[in-house]
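What follows is a single structure, written as structure tokens, with notes after it.
Within every chain, numbering begins at 1; the chains are lettered A, B, ... in the order of the sequence lines, protein sequences first and strands thereafter. In this text, all values refer to a predicted model and were calculated from it rather than measured experimentally.
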Amino acid sequence: MAEQNISGTGSGYDPHKIEEKWQRRWAEARAFESEADATKPKYYVLEMLPYPSGTLHMGHMRNYAIGDVVARVKRMRGFNVMHPMGWDAFGLPAENAAIKNNTHPREWTNKNIAEFQRVLRRFGFSYDWRREISTCEPEYYRWNQWFFLRMLDRGLAYRKKSRVNWCPKCCTVLANEQVVNGGYCWRHEDTLVESREIEQWFLKTTAYAEQLLDDLKQLECGWPERVILMQRNWIGKSQGAKVKFAVANVAGAEPIEIFTTRMDTIYGATAVILAPAHPLLPKLLNESPAGAEAHSKLAKMRQTSVKTEELATMEKEGFFTGRYATNPFSGEKIPIWVGNFILMEYGTGAIMAVPAHDQRDMEFCRKYGLPVRVVVQPLEGEELVEEKLMAAFDEHQHGKLVNSGPYNGLSPEAAIAKMTTFAEQKGIGRAETIFRLKDWGISRQRYWGTPIPVIHCSKDGMVPVPDMDLPVLLPPNPKLTGMGESPLAATPEFVNTACPKCGGPARRETDTMDTFVDSSWYFYRYCDPHNDQAPYDAAMADYWFPIDQYIGGITHAILHLLYSRFWCKVMRDLGLIKHNEPAARLFTQGMVQKGGVAMSKSKGNVVGAEDMAQKYGADTGRLYTLFAAPPEKDLEWSEESIEGSWRFLNRVYRLVDRHAESVRGVKGGTIHAATAKEKTLLRKVHQTLRRVTQDFETRWHFNSAIALIMELTNEIYLQEPLEKDVRPEVRREVLELLTLMLAPMAPHLAEELWEMLGHVDGLWKAAWPAFDEVLTREEKVEIPVQVCGRLRGKVQVAAGSGEVEVVRLAQADPVIAQHLAGKRIVKIIFVPDKLLNLVVA
RNA sequence: GCCCGGGUGGCGGAAUGGCAGACGCUGAGGACUUAAAAUCCUCCGGGGAUUUUUCCUCAUGUGGGUUCGACUCCCACCCCGGGCACCA
């Protein structure tokens, strides 16, 4: 161990000894445990819970270091801080590892948790460990089941057939991440993954689409703009109309319903295009004049519609069905086509093609020789000519309608309103808002997840497991092969059960839940982690929520955060909470990279957090991740620059060590500066305090806060020896403030210094100091002097000097005078104590 | 294609319309030492003039603009990173 450490600093700073000592003291004093207390202002700071796999690396560490600074600063600021930690413990890697090593997923998971916990403790993060949760424990996942049943009651959980990735060799369902190289099985890289339809469970996130979108407004001042934007795009609200086009000459064919946001262009429709998967197609093609050729084209198109990645760049293809539809507005008969670029999952799976005013339609129609008809002419500029038009005119703010019967001359906006009303009156269409957001498929055909608490009875159908029978426990000894049917289905003692209604033999549901379910509400459980009557006590959640500061990676900008917001709204409607949004503020920290890519086990570029702690100590590791880049930016790991942080902490240690004895026991009280040295020191330390306070509170510029503290330290060194002309009480003041400012980032060292300075009470109980404005004032200032905006010199003046005085001094400066010579000053810009700019002509 | 974010020394980065490059790393030189490590001190964007000292000039992706003054604000473009992607 010793040979791995940095040695020979000669300073006596021994991070291992210090860190162990203070971690023990904090634990003994229960320094970071907090309880709901209505008399104190609360602050809930939370970092996204980790999936415990592999080693805890500097990427994780950075996330927690940022959260810990916030927690510690807020505590010093007098807040009742809750800062918990837990484990996202269900998931596929545990199952895979278990298959590989022939162990139990629980064993693998718990081993990793123990490892993660040990490392986090070694870094001294100020967590309330009593609140620790692990999502794979029945005490936790029973509440997943309980919530599921509540959603089932309310029709928010349902089952439907849905497409999944299926590996024919594994005979099992694959998660999206297990589909590699654009469509192959991760384990059988020569085997193409198929798309199969099976019955799956869904949660009705779409029921909250409108709220999820609207409430983003409430987050605008606390969440990063881009996260809000990404969510907005994901939800994808689109206002338009559905319109029915009757099908000509096909007996019993119901009308084709299309979705459009450009109702105003309906007179320009020259075709109807259906998705290859459109349910009406078999009927249309049956005995169609297009014949067998169309059938085979459809079959081919349906087969190749697997790979989603190529969709965007794919050439538009289609074929004519031989059938015609009637435009309900113009009465015109237009051909019905099938197009590979029409998605069945969006809208109605059918569109009207308006080539003149939609680029995709344009490309399609030009390729197949379908006519182009202009129905909106631009208000300004050249008139559109149908024969020449290759780029669709799709700006609807600057046009007026033509070739549109009674709607000619209207603006597109007015036309949309009028046409929609007309369609509704005639019963041929209606205004409709659709969303890109889909319901959340939570079924996983896996073992290591929460069993879905439902029983299938041949007599009573699908029966929810009664609350009193929760939790539905995972069977302790599953057969895990990674092949064939899902592990739960292969475990008879799990599957076979009695129907809760009739008592007859029945089968349990064998799907488990997506692990995003676990992380959708875990932060509520922290409020009340041991409750066995409810997921959490409402009063506790009321006190602690919303989360004041949530911190995590941008990778979770959509799914985790959207599901959490959904869950919150469901819980609100269940009467469990009163608020609408779980987290008031969100911070997305940058990734730690090595060689330009994020640290990950698979990339083999991880820098283990523990190695770092071993080599330099936790405080240096923490300080460096905070110093090397602003927290929102990605950080390229550099083994060299960490030395700077290590050296700095040593410098601080030596400084305090040198003076500790002489200031111990010296009384505090009002400080004033008596000598020039004292003035300089006190000014610098209070100026630093002012700016560091700002950096912590409002700007989150931890890197520049550290730079300021380094500058302060350099200044103190320059004033050495402090024994001369600096009284002990001033020395003490300076060193104490330095220590306090360092505390949120290098807490162990700061505690040690605090003790060295003679404090009996731990620093964790200390308050954040207030700066003294009087002491920050400069007596003399150097004012840069510009001539016509260019720097030409500087003048020394007493702080607060007036314009006349400063101009006089500037004119007396030989260099400045040279630039003024022979010219007339036409304007003087003077910012007191800051700048003088003389404009000459 | 659309939407975000970003381009500043050898490197990480600082600068909330007012001295560009704080702070740190690297590098160079010096002090201490028998020596090394550690520590301490000094220097470190380019070009030019003056070569004790200082001055001029260029420079924050490129080109314009606003302003007494722009890394910062506005417009256009280039490059890099990320997200979404035939969403009707």
Ring-face cation contact, A:Phe341 with A:Lys316, 6.0 Å cut, 45° max: yes
Expressed in whole Å, how much space separates the C1' atoms belonging to B:C43 and B:G10? 16 Å
Closest to the A:Arg654 side chain: B:C68, B:U39, B:A22? B:U39
Please pick, from B:U16, B:U39, B:C23, the nucleotide with the shortest atom-to-atom distance to any side-chain atom of A:Asn714. B:C23
Once you apply the 3.5 Å cut-off to both distances, tell me the Watson-Crick or G-U wobble partner of B:C19, or none. none
Using Watson-Crick or G-U wobble geometry with both distances below 3.5 Å, tell me the partner of B:G45, or none. B:C58
Does any donor-acceptor pair link the side chain of A:Lys316 with the base of B:C86 at a separation under 3.5 Å? yes
Side-chain contact check for A:Pro784: nearest option of B:A88, B:C25, B:C19 is B:C19
If you look at every strand shown and take non-hydrogen atoms under 4.0 Å, does A:Arg232 touch a base, only sugar-phosphate, or nothing? nothing
Taking any heavy-atom pair under 4.0 Å as a contact, classify A:Leu838: base, sugar-phosphate, or nothing. nothing
Counting only Watson-Crick or G-U wobble pairs whose two distances fall under 3.5 Å, which nucleotide matches B:C25? B:G10
OP1 or OP2 of B:C40 versus the side-chain N and O atoms of A:Arg651: is any pair under 4.0 Å? yes
With respect to A:Glu778, which candidate in A:Lys834, A:Arg683, A:Lys684 satisfies the salt bridge (Lys or Arg N to Asp or Glu O under 4.0 Å) definition? A:Arg683
Searching all strands shown, indicate the nucleotide that pairs with B:G5 (Watson-Crick or G-U wobble; both distances under 3.5 Å). B:C80
Once you apply the 3.5 Å cut-off to both distances, tell me the Watson-Crick or G-U wobble partner of B:A35, or none. none
